[in-house]
Amino acid sequence: MKVIFHDGHIEEHTFDDEVGRGALRHTAAHILAQAVKRLFPDTKLAIGPSIKDGFYYDFDKEGGFSQEDLDALEVEMKKITKENLKLERYTLPRAEALKLMKDMNEPYKIELINDLPEDEELSFFKQGEYVDLCAGPHVTYTSQVKAFKLTSVAGAYWRGSEKNKMLTRIYGTAFTSKADLEEYLQRLEEAKKRDHRKIGKEMKLFMLSEEGPGFPFMLPNGMIIKNELIDYWRKLHTREGYVEVQTPMILNRHLWETSGHWDHYKENMYTTVIDDTDFAIKPMNCPGGMLVYKSEPRSYRDLPLRIGELGLVHRHEKSGELHGLMRVRCFTQDDAHIFMTEDQITDEIKGVVRLIDEVYSLFGFKYAVELSTMPEDHMGELKDWEHATDALKQALEEMNLPYTINEGDGAFYGPKIDFHIEDSLGRTWQCGTIQLDFQLPMKFEAEYIGADGQKHRPIMIHRVVYGSIERFMGVLIEHYAGKFPTWLAPEQVRVLPITDRNNDYTDRIIEALKARGIRCTADKRAEKTGYKVREAQVSRIPYMLVIGDREQEEGSVAVRRRDHTDTTTMALDEFVSMVAEEIKLKK
């Protein structure tokens, strides 16, 4: 397909590459806006970009849009694609551009023009009677948008500010073929079934309350999963030579000024006043980790020093961006800070990458790696940033790990490596990160005595594996659709006696299972066995043991696995050993 760019030049691209995909979906957004103006001409246009899985357009329309409106818009969009309208780019001087938008009664476009620099070229794209202020890119004809679907409607503040008017955002997606669209919509339906908020409620894992928006309550079953993840994390880090600390949740303003957070991150921090002094609830663990490092003299013989912390952090997120466990205001970060000499950088980064790979492989995640470079809002000198970025590149290249560059998206204190895991539906989530920091040790005047007897500045790595344990749980819930591997399942075995005369044997089974640390319950209700089996399946329990007179006489159990319809008879001891081994090996 041919793609028109901001400067008017045209290139050939395919839907498989990011440019072609974005151009097609951006054009779909314009087709949507054109349909809206045809059917609801009084509607005011805001913005309509392509996004990762599709596109959206924000509109100012009294009363918003109903499902019937969306259906009508899809019909009109199909007409526009069949009209095979040519997309044409042209530019206008600022005065003419403002007059055009005023004549079209588009106040949001006028505001956008007024906020652009005086020397900015103002480009427009036209298709038929529809004209939009836009930088592109777009495909050349509306007929190239062969398959599309409007997927949802949401509220969105103009320009993302709660001080501005709430607009109506229509989301959609577009493909070059109907088959690809159908496949995507099926994945969307599967994702709805796997929604961690729905499954979390069904399995009693966590709850959300209006008394604490963005502050999830972890319920007993959820705490089992969280603690299993933490226990695994602790064993792994003990093996890798980390020590664990805990730093205070509230620290004074001076600390956050020293770290740079007060200047660069204050809008996301919760603050308070204690004894006439400003304090902040920590949004990150690293400044506290610096104080731990400085609590005693350090020698080059102490390095690398790997300090881990499961720290509870609080960050102010906008209410409209909160989403279950995925976007919260309070979460547990599985942090670690590694202090090292300059010649230890590459080996330490490699060690962290290997650890992250081991964890993600356990859960069945594939992942992609992204290297993010210096942002505009940063601390420190360019030479330090270049040195840190080169060190990260060197480690990745020595490990033959493919990566992409994300220009300008590093942390304000250093470049970083981000790990994007892919779940069972092909969706990606950013979880693990490795950040190389020359700045914080300098700001905190951290030192160690080198082999030459002189004082030196350590280098610091910030890294997480899960990222946020709560968010990682949300990803796991959707990845497994709640069917956790046995070692993680809140309830691992449910025993189902057929009659009351099997209850004593059931108690002996429960006792044998608990003796091996296996989480189990017995369902002794006077219900039909089929009903109890179905209920256990809905609860996503890995193993069900059906116990009748024959099993009681033989000292055996009839084993039914979560996703199987058949049963297998085993000796009780054999079953207990099998499950205990499965849990131990985290199969």
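Just so you know, these numbers use all the heavy atoms, side chains as well, and skip hydrogens, waters and symmetry mates. No experiment lies behind these values; they were computed from the predicted model shown.
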In the structure I gave you, are the side-chain heavy atoms of [X] and [Y] within less than 4.5 Å of one another anywhere?
X      : Y      : result
Glu162 : Ser319 : yes
Ile338 : Tyr242 : yes
Ser577 : Arg516 : yes
His337 : Cys286 : yes
Leu440 : Ser259 : yes

Only one of Lys393, Gln394, Met399 clears side chain to side chain contact (heavy atoms under 4.5 Å, CB included) with Glu397; which?
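Option passing the side chain to side chain contact (heavy atoms under 4.5 Å, CB included) with Glu397: Lys393.
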Exactly one of Ile541, Leu513, Ile509 should register a side chain to side chain contact (heavy atoms under 4.5 Å, CB included) with Cys520. Which one does?
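So the option named by the test is Leu513.
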Proximity of Phe575 and Tyr543 rings by center, below 6.0 Å
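Yes, close enough.
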Answer with yes or no after comparing the ring centroid distance for His479 and Phe363 against a 6.0 Å cut-off, counting only values under it.
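Not under 6.0 Å, so no.
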Can you tell whether the side chains of [X] and [Y] come within less than 4.0 Å, N to carboxylate O?
X      : Y      : result
Lys587 : Glu581 : no
Arg187 : Glu183 : yes
Glu189 : Lys192 : yes
Glu348 : Arg306 : yes

Which pairs with one or both residues in residues 471-482 pass salt bridge (Lys or Arg N to Asp or Glu O under 4.0 Å), sequence neighbours excluded?
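Every pair satisfying salt bridge (Lys or Arg N to Asp or Glu O under 4.0 Å) with a residue in residues 471-482: Arg427-Glu478.
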Quick one: which residue pairs count as a salt bridge (Lys or Arg N to Asp or Glu O under 4.0 Å) with a foot in residues 254-275, not counting sequence neighbours?
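For residues 254-275, and leaving out neighbouring residues, the salt bridge (Lys or Arg N to Asp or Glu O under 4.0 Å) pairs sorted by first residue read Arg253-Glu257.
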Ignoring hydrogens and angles, state whether a donor on the side chain of Glu491 or Thr521 is under 3.5 Å from an acceptor on the partner side chain.
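Result is yes, a qualifying pair exists.
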Any luck finding a side-chain donor-acceptor pair between His237 and Glu244 under 3.5 Å?
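Not at all, the side chains of His237 and Glu244 share no donor-acceptor pair under 3.5 Å.
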Near [X] [atom1], under 6.0 Å, is it more than 12 heavy atoms from other residues, nucleotides or ligands?
X      : atom1 : answer
His323 : NE2   : yes
Gln430 : CD    : yes
Glu18  : CD    : no
Lys294 : NZ    : yes

Ring-face cation contact, Phe175 with Arg25, 6.0 Å cut, 45° max
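Yes, a cation-pi geometry.
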For Tyr56, all residues meeting ring-ring contact (aromatic ring centres under 6.0 Å, His included), sequence neighbours excluded:
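So Tyr56 forms a ring-ring contact (aromatic ring centres under 6.0 Å, His included) with Tyr171.
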Show your working on ring pair (Phe, Tyr, Trp, His ring centres under 6.0 Å) between Phe55 and Tyr57 and close with a plain yes or no.
CA-CA 7 Å; Phe55 61 89; Tyr57 211 113; 9.1 Å; no
Classify the angle between the aromatic ring planes of His314 and Phe215 as parallel (below 30°), tilted (30 to 60°) or perpendicular (above 60°).
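Plane angle between 30° and 60°, so tilted.
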